[in-house]
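A quick write-up on the structure given underneath.
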Amino acid sequence: MQMIKIRSSEITPEHVYRARRKFMKGIGALAFGSVASAVLTACGGLGQDDLGRFAAMQPETPTEGDAQQPSAGQTADELGDALTSFEAITTYNNFYEFSMNKEAVARLARDFTLSPWTVTVGGLVNNPKTYDIDDLRKRFPQQERIYRLRCVEGWSMVIPWLGFPLGALLREVDPQSGAKYVRFETVMRPQEMPGQRDPYFPWPYVEGLRLDEAMHDLTILSTGLYGKQLLPQNGAPVRLVVPWKYGFKSIKSIVKIDLVAEQPTSLWMASAPHEYGFYANVNPDVPHPRWSQATERRIGELGRRPTLKFNGYEEEVAALYAGMDLRANY
Ligand SMILES: Nc1nc2c(c(=O)[nH]1)N[C@H]1C(S)=C(S)[C@@H](COP(=O)(O)O)O[C@H]1N2
Ligand SMILES: [Mo]
């Protein structure tokens with residue numbers, strides 16, 4: 001890897017950065033298991049990302065959306081926290097299929113092919129269906145949802161999404177009684193997604209929800225933000241948003257949704273099972289094995305603020321986990 005003058009913490013996912021720091025301090029690679037492999041891969045990946053153009057990164061021009069404009073005068077979430085800027089939301093992205101360098105994702109994803117696009121919904125359902133993305137947008141009226149997004153790495157944003165409840169789509173395909181979980185898959189397109197040529201991760205990106213979590217009204221499929229259609233870096237043309245869980249649950253660029261009987265294994269569970277569990281509910285009381293989750297950095301603000309249980313949605317979602325040990329089910 002070439003030496004570069006950008007602060008490593010600015011160009012590397014924070015958890016990988018910390019893992020690398022530890023790694024470089026000479027702690028044995030075996031002690032880190034799969035994380036150490038990810039660190040090595042990250043070094044190679046950064047080399048390929050052409051960091052020379054890093055400083056030239058600019059926000060992309062949004063495509064014209066056919067969706068409604070954001071509600072007039074909405075500048076904050078229900079807690080009074082200001083919306084994160086469109087620029088920050090579209091230039092500071094985690095999307096490992098393109099890059100582990102957050103500021104490089106938008107550029108690398110610029111020419112990502114968004115059409116044609118279909119989402120196939122199947123598995124344990126009575127009415128399996130393949131939706132063309134345009135049909136999906138027309139069929140399920142778009143609502144604006146202003147949600148906090150809390151990344152497991154310790155930063156957060158407030159994003160005005162456009163989308164519709166996932167439950168509306170699930171009701172249409174009619175889950176069978178044996179369906180207990182929903183499994184989501186991102187498109188597999190290594191020609192366009194350089195990160196997918198990195199053999200370390202078990203592509204495609206997979207995520208999952210329990211059926212009751214998936215049916216919760218807060219859980220949406222998003223096709224836009226700030227009143228425009230999603231840009232590729234944010235998971236166009238359609239991505240999941242589950243606001244009370246760490247950001248990695250909110251899987252991008254979905255092509256497949258299956259109702260299943262068994263708890264799906266997500267990409268992160270497969271890559272680092274000791275660090276990332278199935279539930280991934282935002283919880284300031286349960287630290288990540290390598291850092292505290294008690295506070296977060298809100299993008300656009302100075303300093304850190306306390307992290308709220310269930311990311312501030314406790315009243316709405318705590319009942320889903322009644323009687324569950326939230327420490328064991330991390
Ligand atoms: N397919 C896919 N989905 C993904 C990711 C990813 O790397 N690949 N990153 C996740 C993580 S870690 C976060 S924090 C959010 C970031 O979403 P944003 O870039 O739209 O803010 O997307 C999530 N969804
Ligand atoms: Mo994240």
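FYI, the numbering just counts along the sequence from 1. All values derive from a computational prediction rather than experimental measurement.
- The closest side-chain donor-acceptor pair between Tyr321 and Glu314, if any, does not fall under 3.5 angstrom.
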Stepwise side chain to side chain contact (heavy atoms under 4.5 Å, CB included) check, Ile254 with Leu240: CA-CA 8 Å; Ile254 297 167; Leu240 184 68; 4.0 Å; yes
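- Using modelled atom types, one side-chain atom of Asn329 and one backbone atom of Asp325 make a donor-acceptor pair closer than 3.5 Å.
- You'll find the side chain of Lys245 reaches within 4.5 Å of the side chain of Leu209, heavy atoms only.
- Note on Phe95 and Phe248: same hydrophobic cluster, where clusters join Ile, Leu, Val, Met, Phe, Trp and Tyr whose side-chain heavy atoms are under 4.5 Å apart, directly or indirectly.
- Between Phe112 and Phe98, the distance separating the two ring centers is shorter than 6.0 angstrom.
- Val238 approaches Leu221 most closely through the heavy-atom pair CG2-CB, 4.0 Å.
- Under a hydrophobic clustering in which Ile, Leu, Val, Met, Phe, Trp and Tyr are joined whenever their side-chain heavy atoms come within less than 4.5 Å, directly or via other members, Trp117 and Phe184 fall into the same cluster.
- Figure legend: cation-pi geometry between Lys249 and Phe278, with NZ or CZ positioned under 6.0 Å from the six-membered ring centre and within 45° of its axis.
- Side-chain contact between Ser99 and Arg107: absent, with no pair of heavy atoms (C-beta onward) separated by less than 4.5 Å.
- Checked by atom type and distance alone, the side chain of Tyr92 never pairs as donor or acceptor with a backbone atom of Glu87 at under 3.5 Å.
- With a 6.0 Å cutoff to the six-membered ring centre and a 45° limit on the axis angle, Arg148 counts as a cation-pi contact of Tyr313.
- For the pair Met193 and Val187, the minimum side-chain heavy-atom distance is below 4.5 Å.
- If you look at Trp268 and Phe201, their ring centroids are closer than 6.0 Å.
- Glu78 CD: more than 12 foreign heavy atoms inside a 6.0 Å radius.
- Remark: the Asn127 side chain and the Glu172 side chain contain no N/O donor-acceptor pair separated by less than 3.5 Å.
- At least one side-chain heavy atom of Leu149 sits less than 4.5 Å from a side-chain heavy atom of Ile159.
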After noting the C-alpha distance and the side-chain angles of Gln176 and Asn126, does the key distance pass the side chain to side chain contact (heavy atoms under 4.5 Å, CB included) rule? CA-CA 6 Å; Gln176 297 169 0; Asn126 292 318; 3.3 Å; yes
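- Using a 30° and 60° split on the angle between ring planes, His288 and Trp291 fall in the parallel class, below 30°.
- In this structure a side-chain-to-backbone donor-acceptor pair under 3.5 Å is present from Lys180 to Ser177.
- Other residues, nucleotides and ligands place no more than 12 heavy atoms under 6.0 Å from the CZ atom of Arg139.
- No hydrogens or angles considered: nothing links the side chains of Glu213 and Thr219 as a donor-acceptor pair under 3.5 Å.
- The two residues Leu259 and Ala179 make their nearest non-hydrogen contact at CB-CB, 3.8 Å.
- With values rounded to the nearest 0.5 angstrom, Met269 atom CE is found 8.5 Å from Glu207 atom CD.
- Here Tyr96 and Tyr205 keep their ring centres 6.0 angstrom or further from each other.
- In this structure, the side chain of Tyr147 engages the main chain of Leu218 through a donor-acceptor pair within 3.5 Å.
- Arg327 places a side-chain N or O within 3.5 Å of a backbone atom of Asp285 that can act as its donor or acceptor partner.
- Note: the hydrophobic cluster containing Leu308 does not contain Leu326 (ILVMFWY, side chain heavy atoms under 4.5 Å, direct or indirect links).
- Counting only distance, with no hydrogens or angles, the side chain of Gln233 and the backbone of Thr90 share a donor-acceptor pair below 3.5 Å.
- The CG atom of Leu108 sits 12.0 Å away from atom CD of Glu192, with the distance rounded to the nearest 0.5 Å.
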Before you tell me yes or no, could you show the steps for Tyr131 and Lys129 under side chain to side chain contact (heavy atoms under 4.5 Å, CB included), namely the whole-Å CA-CA distance, both residues' side-chain angles and the distance that decides it to 0.1 Å? CA-CA 6 Å; Tyr131 296 89; Lys129 255 184 127 121; 3.3 Å; yes
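- Hydrophobic clustering keeps Val241 apart from Val206 (ILVMFWY residues linked when any side-chain heavy atoms are closer than 4.5 Å, directly or through intermediates).
- Remark: the Arg239 side chain and the Ser222 side chain contain no N/O donor-acceptor pair separated by less than 3.5 Å.
- Residues Gln142 and Thr223 have side chains that bring a donor and an acceptor to within less than 3.5 angstrom of each other.
- A side-chain N or O of Gln293 and one of Arg150 form a donor-acceptor pair less than 3.5 Å apart.
- For Tyr279 and Tyr330, the gap between ring centers reaches or exceeds 6.0 Å.
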Determine, step by step, whether Arg304 and Arg298 satisfy the side chain to side chain contact (heavy atoms under 4.5 Å, CB included) criterion, reporting the C-alpha distance in whole Å, the side-chain angles of both residues, the deciding distance to 0.1 Å, and the verdict. CA-CA 7 Å; Arg304 298 181 74 83; Arg298 179 64 51 83; over 6 Å; no
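- Across all their heavy atoms, Arg145 and Pro165 have their closest contact at NH2-CG, 3.8 Å.
- Remark: the Asn281 side chain and the Trp244 side chain contain an N/O donor-acceptor pair separated by less than 3.5 Å.
- The side-chain heavy atoms of Val182 and Leu211, taken from C-beta on, include a pair separated by under 4.5 Å.
- With hydrogens and angles left out, the side-chain atoms of Arg189 and Gln191 include no donor and acceptor closer than 3.5 Å.
- Taking all atoms of both residues into account, the shortest heavy-atom contact from Ile89 to Thr84 is CD1-O, 3.5 Å.
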With salt bridge (charged side-chain N to carboxylate O under 4.0 Å, His left out) as the test, would you mind laying out the steps for Arg305 and Glu301 before giving the verdict? CA-CA 9 Å; Arg305 51 161 69 211; Glu301 288 182 2; 2.8 Å; yes
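- Put simply, the side chain of Leu166 reaches to within 4.5 Å of the side chain of Leu170, judged on heavy atoms.
- The salt bridge (charged side-chain N to carboxylate O under 4.0 Å, His left out) with Glu153 is formed by just one residue from the set Lys102, Arg290, Arg297; it is Lys102.
- The nearest pair of heavy atoms linking Thr307 to Glu296 is OG1-OE1, 2.6 Å.
- Contact record, Lys252 with Asn93: NZ-CB, 4.2 Å, taken as the closest heavy-atom pair.
- Between the side chains of Thr130 and Thr120, at least one donor N or O lies within less than 3.5 Å of an accepting N or O.
- Atom CG of Leu83 and atom OG1 of Thr75 lie 6.0 Å apart (nearest 0.5 Å).
- For the pair Val282 and Phe310, the minimum side-chain heavy-atom distance is 4.5 Å or more.
- Put simply, the side chain of Lys256 does not reach to within 4.5 Å of the side chain of Val119, judged on heavy atoms.
- We find the CG-CG distance between Leu124 and Asp258 to be 8.5 Å, quoted to the nearest 0.5 Å.
- Rounded to the nearest 0.5 angstrom, Met188 CE and Glu97 CD are separated by 9.0 Å.
- Interatomic distance, CG of Asp217 versus CE of Met215, reported as 10.0 Å (0.5 Å rounding).
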